[in-house]
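The structure under discussion appears below in the form of structure tokens.
Computation of the quantities below employed the complete heavy-atom set of this structure, encompassing side-chain atoms and omitting hydrogens, waters and symmetry-equivalent molecules.
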Amino acid sequence: MSEASVNNDRRNWLIATAAVGGAGTAAVAVPFVSSFQPSERAKAAGAAVEVDISKLAPGEKMTVEWRGKPVWILRRTEAMLKSLEQDEAELADPNSDRQAYPTPAYAKNRARSIKPEYLIAIGICTHLGCSPSDKFQTGAQPSLPNDWMGGFLCPCHGSTFDLAGRVFKNKPAPDNLEIPPHVYLSETTVLIGEDHKA
């Protein structure tokens, strides 16, 4: 066997070995790289959640989970936004001044939001941790006043909240619904759990 033949065989063997080694490295790297994504456990512990709100129509609400809690995203109509001014005299904390659940500075406004159209709030009553029900229909209804402007009703003990998550006076819930940290990444994407762009 000539020396050139041995060198060609050795070169072919090295190329084949390198190709198999490269494929093996890639096979190992894929799960390793994907392990950098937050696990379900990490998400429950507080990892931020990115939400696409592009399909949310005016008057509709969606719920996502963050830190094991339901987070409501309500796209308010013009009529819903107008109701926020009309019910302020009946609210326990219309300006969100109470500190038990501090409202982020960017949501210290009548709409309690960055963009007035969208309410982003944790859907847990501040009384005993029940989840209030949607009561968007206006007017007289069971357990609600005759001049109801729309909002949320906690069925457990009767606490009511307006469409900005502000609690009405003389109700068991001591505070407004909590506003989680959040930031808009685009017109149609919101990141819940962080309030600054990474």
Side-chain angles (χ1 to χ4, degrees), residues 49 51-182 184 187-190 192-193:
V49 178
V51 185
D52 178 3
I53 56 173
S54 62
K55 294 187 172 80
L56 199 60
E60 288 185 347
K61 185 187 92 173
M62 65 187 296
T63 304
V64 296
E65 187 177 334
W66 173 66
R67 289 189 173 178
K69 300 174 184 177
V71 176
W72 296 339
I73 303 173
L74 170 64
R75 185 172 178 188
R76 294 177 282 212
T77 63
E78 282 299 319
M80 289 173 155
L81 287 169
K82 284 180 185 171
S83 75
L84 299 181
E85 184 176 358
Q86 297 167 352
D87 62 15
E88 286 189 340
E90 302 169 42
L91 300 173
D93 183 19
N95 300 316
S96 301
D97 293 326
R98 295 182 181 171
Q99 292 299 308
Y101 299 95
T103 299
Y106 49 80
K108 290 269 290 179
N109 52 54
R110 178 174 286 138
R112 298 185 79 223
S113 61
I114 297 171
K115 296 182 178 188
E117 186 178 1
Y118 293 99
L119 169 67
I120 298 175
I122 295 178
I124 297 177
C125 180
T126 56
H127 179 221
L128 294 175
C130 303
S131 188
S133 304
D134 301 345
K135 295 293 181 182
F136 300 154
Q137 181 182 335
T138 59
Q141 298 163 62
S143 303
L144 293 170
N146 291 339
D147 60 350
W148 180 246
M149 302 288 294
F152 307 96
L153 167 69
C154 186
C156 301
H157 300 97
S159 293
T160 49
F161 302 86
D162 76 351
L163 290 164
R166 299 176 296 180
V167 68
F168 283 86
K169 291 177 182 175
N170 305 315
K171 299 294 179 175
D175 289 289
N176 296 334
L177 297 179
E178 184 179 357
I179 303 296
H182 61 280
Y184 287 88
E187 286 298 310
T188 59
T189 307
V190 64
I192 296 169

Donor-acceptor pair, side chain of Asn176 and main chain of Asp93, under 3.5 angstrom: yes
If the test is side chain to side chain contact (heavy atoms under 4.5 Å, CB included), which one of Lys135, Met80, Arg112 qualifies with Leu163? Met80
Quick check against the 3.5 Å criterion: does Asp134 have a side-chain atom that pairs as donor or acceptor with the backbone of Phe136? no
Can you measure from NZ (Lys115) to NE2 (His182) and round to the nearest 0.5 angstrom? 10.0 Å
Would you name the heavy atoms of Pro132 and Pro155 that are closest together and state the gap between them? CA-CD, 4.2 Å
Of all heavy-atom pairs between Tyr106 and Pro180, which one has the smallest distance, and what is that distance? OH-O, 4.0 Å
Main chain of Ser54, side chain of Asp52: is a donor-acceptor contact present, judged purely on distance under 3.5 Å? yes
Side-chain heavy-atom pair Met62, Val51 within 4.5 angstrom cut-off: yes
Taking Ser83's backbone N and O only, do any of them form a donor-acceptor pair with Glu85's side chain (distance below 3.5 Å, no angle check)? no
Mind running side chain to side chain contact (heavy atoms under 4.5 Å, CB included) on Val167 and Thr126 for me, showing each step along the way? CA-CA 9 Å; Val167 68; Thr126 56; 5.7 Å; no
Do the side chains of Leu153 and Ser143 get nearer than 4.5 Å, heavy atoms only? yes
Taking NZ, NE, NH1 and NH2 as the nitrogens, is one of them in Arg75 or Glu117 under 4.0 Å from a carboxylate oxygen of the other? yes
Which heavy atom of Phe152 sits nearest to which heavy atom of Lys61, and what is that distance? CE2-CD, 4.4 Å
Give a yes or no on whether the backbone of Pro174 and the side-chain of Arg98 come within a donor-acceptor separation of less than 3.5 Å. yes
Which heavy atom of Phe161 sits nearest a heavy atom of Ala173, and at what distance? CZ-CB, 3.7 Å
I need the Phe168 CZ to Leu144 CG distance, nearest 0.5 Å. 9.0 Å
What closest approach, in Å, do Gly150 and Thr138 show between heavy atoms, and which atom pair accounts for it? N-CG2, 4.2 Å
Value for OH (Tyr101) from CD1 (Ile122), rounded to nearest 0.5 Å, stands at 9.0 Å
Assess the residue pair Ile192 and Ile73 against the criterion (side chain to side chain contact (heavy atoms under 4.5 Å, CB included)); give the C-alpha distance rounded to whole Å, side-chain angles, the decisive distance to 0.1 Å, and a yes or no. CA-CA 10 Å; Ile192 296 169; Ile73 303 173; 3.9 Å; yes
Rounded to the nearest 0.5 Å, how far does CD of Glu90 lie from CG of Asp147? 5.5 Å
Rounded at 0.5 Å granularity, tell me how far SG in Cys130 sits from CD1 in Ile124. 10.0 Å
Does atom NZ (Lys108) have a neighbourhood of more than 12 heavy atoms from anything else shown, all under 6.0 Å? yes
Kindly determine whether Thr160 and Lys171 satisfy side chain to side chain contact (heavy atoms under 4.5 Å, CB included), including the steps that lead there. CA-CA 7 Å; Thr160 49; Lys171 299 294 179 175; 3.3 Å; yes
If I compare all heavy atoms of Leu119 with all of Gly165, which pair ends up nearest, and what's the gap? CD2-N, 4.2 Å
Could you check whether the rings of His127 and His157 sit parallel, tilted or perpendicular, using 30° and 60° as the cut-offs? perpendicular
Output the distance between atom OG (Ser113) and atom CG (Leu81), rounded to the nearest 0.5 Å. 7.5 Å
Sub-3.5 Å donor-acceptor pair from the side chain of Arg166 to the main-chain atoms of Leu84, do we have one? yes
Taking Ala57's backbone N and O only, do any of them form a donor-acceptor pair with Glu60's side chain (distance below 3.5 Å, no angle check)? yes
Does CG in Asp97 sit with more than 12 non-hydrogen atoms of other residues, nucleotides or ligands closer than 6.0 Å? yes
